[in-house]
Amino acid sequence: MNISHNHSSRVVAFAAALLVATSLASNARADDSEGIVVYNAQHQSLGQEWVDAFTKETGIKVTMRQGSDMQFANQIIQEDEASPADVFLTENSPAMVLVDAAGLFAPIDKATLDQLPEEFRPKDGMWTGIAARSTVFAYDKTKLTEDQLPKSMLDLADPAWKGRWGAAPVGADFQAIVSALLQLKGEDVTAAWLKALKDNGTSYKSNTVAMKAVNAGEVEGAIIYHYYWFGDQAATAENSKNVALHYFKNQDPGAFVSLSGGGILKSSQHQKDAQAFLKFITGKAGQAILKDGTSYEYAVGKGAASNAKLVPMPDLQAPKIDASDLNSKKVVEMITAAGLI
Ligand SMILES: [Fe+2]
């Protein structure tokens with residue numbers, strides 16, 4: 001009995017050890033094939049430029065999954081500790097704030113945070129800025145002269161602008177702009193401006209479509225981000241040949257500069273490689289990709305230059321915004337209540 005008992009418990013122990021070994025091996029295989037998993041809500045082309053350069057320099061493989069800011073933020077919260085994501089990159093800050101508030105980020109290495117000026121990262125150090133983009137009024141230069149342009153983004157709510165402007169309220173970019181407006185001017189002003197867009201303006205499904213509509217003479221102007229115009233100009237200019245950019249400046253809500261974010265999931269089993277990836281994209285080589293690549297977004301690293309074609313960041317006269325306090329939930333509620341989504 002005893003012998004048999006010992007024997008069977010040894011068999012059980014051996015089987016358990018085998019199971020552990022097998023599962024370790026299969027984990028290792030998954031790691032080998034996928035490397036780190038990046039949920040990329042930044043533009044796919046920019047994400048790919050960063051990933052390719054990082055893998056080339058470090059040999060660390062990256063699997064990039066493509067999605068949008070809020071889609072991935074909500075997915076990460078749903079997945080919780082089981083999330084396959086190691087890194088999350090966004091176009092704008094509100095999605096970062098959401099994941100941070102859920103307590104799902106790991107602190108960013110100090111050496112990485114030190115690569116960025118304080119204005120381009122949240123105070124809590126749980127995520128970091130990786131790039132920046134400016135709000136603009138893309139207008140039809142064949143119809144509007146400079147003196148006819150709105151002085152403030154809020155002027156577009158004036159009945160004089162009825163039927164003449166548009167935006168892309170379903171997108172994360174627009175939602176970030178509205179979250180800045182909410183932080184700067186409060187709920188009443190923001191609700192009134194959204195109502196004006198609903199009543200007076202045209203809703204397009206993306207910034208690109210909005211710019212095309214301006215170019216085609218459908219509306220005289222649209223609130224978008226700057227790089228859509230620069231990207232098109234650098235390519236064929238076919239969607240922007242009649243379009244010029246108006247920068248509101250003067251700390252106007254329409255001069256909002258939005259911070260793209262990068263964070264590392266607390267649940268990641270590849271903390272070291274994930275940290276290395278964020279260090280790379282916020283470092284010299286990663287930021288140079290913003291200057292030399294096709295994104296036309298602003299570099300945010302200390303001493304990092306942006307593309308020389310862009311209006312220099314200090315000249316944008318952006319309003320002071322606390323990126324770690326941009327309220328996406330409230331904004332989505334308000335955009336929905338206004339009947340825009
Ligand atoms: Fe965008």
Side-chain angles (χ1 to χ4, degrees), residues 38-51 64-73 88-98 120 127 129-138 153 166-181 197 203-215 221-235 239-240 243 245-248 253-262 281 287 289-291 293-300 306-307 309-311 313 316 318 321 323 326 328 331-332 335 340-341:
V38 174
Y39 278 9
N40 182 48
Q42 246 292 356
H43 289 242
Q44 189 162 10
S45 48
L46 175 57
Q48 200 62 57
E49 286 180 287
W50 271 328
V51 162
M64 198 171 85
R65 301 203 184 149
Q66 192 61 33
S68 63
D69 282 14
M70 286 305 162
Q71 174 207 335
F72 270 148
F88 181 30
L89 303 182
T90 62
E91 275 205 89
N92 300 284
S93 311
M96 282 283 141
V97 176
L98 211 62
F120 295 138
W127 56 277
I130 56 174
R133 48 270 294 287
S134 176
T135 312
V136 292
F137 187 60
M153 184 174 84
V170 288
D173 293 347
F174 180 82
Q175 291 171 14
I177 296 168
V178 177
S179 63
L181 175 59
L197 172 58
S203 295
Y204 295 101
K205 75 172 201 301
S206 70
N207 285 321
T208 305
V209 175
M211 185 174 73
K212 277 187 192 172
V214 175
N215 190 56
I223 294 291
I224 60 171
Y225 281 153
H226 76 283
Y227 52 81
Y228 289 96
W229 185 87
F230 284 95
D232 191 65
Q233 289 282 309
N239 297 318
S240 62
V243 180
L245 298 187
H246 171 50
Y247 293 84
F248 288 104
F256 168 56
V257 169
S258 179
L259 204 53
S260 290
I281 66 176
Q287 294 292 292
I289 284 171
L290 294 166
K291 175 167 76 72
T294 57
S295 72
Y296 294 95
E297 296 195 34
Y298 285 92
V300 291
S306 295
N307 190 300
K309 286 184 183 153
L310 304 184
V311 175
M313 181 95 80
L316 296 172
I321 292 287
L326 290 174
S328 57
V331 162
V332 172
I335 296 176
L340 290 163
I341 48 177

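None of the values given here were measured: they were computed from a predicted structure. Note that ligands are numbered from 1 as they come in the structure, with each ligand's atoms numbered from 1 the same way.
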*Can you find a heavy atom in the side chain of Phe174 that is under 4.5 Å from one in the side chain of Ile335?*
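Contact flag for Phe174/Ile335 side chains = yes.
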*Is the shortest heavy-atom distance from the side chain of Leu89 to the side chain of Met64 under 4.5 Å?*
no
*For the Fe ion (ligand 1), find the closest N/O/S atom belonging to Glu91 and write down its atom name.*
OE1
*asked:* Looking only at N, O or S atoms, which one in His43 sits nearest to the Fe ion (ligand 1)?
replied: NE2
*Please name the residue in the list Glu49, Glu297, Gln48 that meets the side chain to side chain contact (heavy atoms under 4.5 Å, CB included) test with Gln42.*
Glu297
_For the metal site, I want the angle between atom OH of Tyr228 and atom OD2 of Asp173 with the Fe ion (ligand 1) at the apex, to 10°._
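Between OH of Tyr228 and OD2 of Asp173, the angle at the Fe ion (ligand 1) is about 90°.
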*Please walk me through it: do Tyr225 and Ser258 pass side-chain hydrogen bond (donor to acceptor under 3.5 Å, both in side chains)?*
CA-CA 9 Å; Tyr225 281 153; Ser258 179; 3.3 Å; yes
_Tyr227 N/O/S atom closer than 2.8 Å to the Fe ion (ligand 1)_ =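 Yes - counting backbone and side chain alike, Tyr227 has an N, O or S atom under 2.8 Å.
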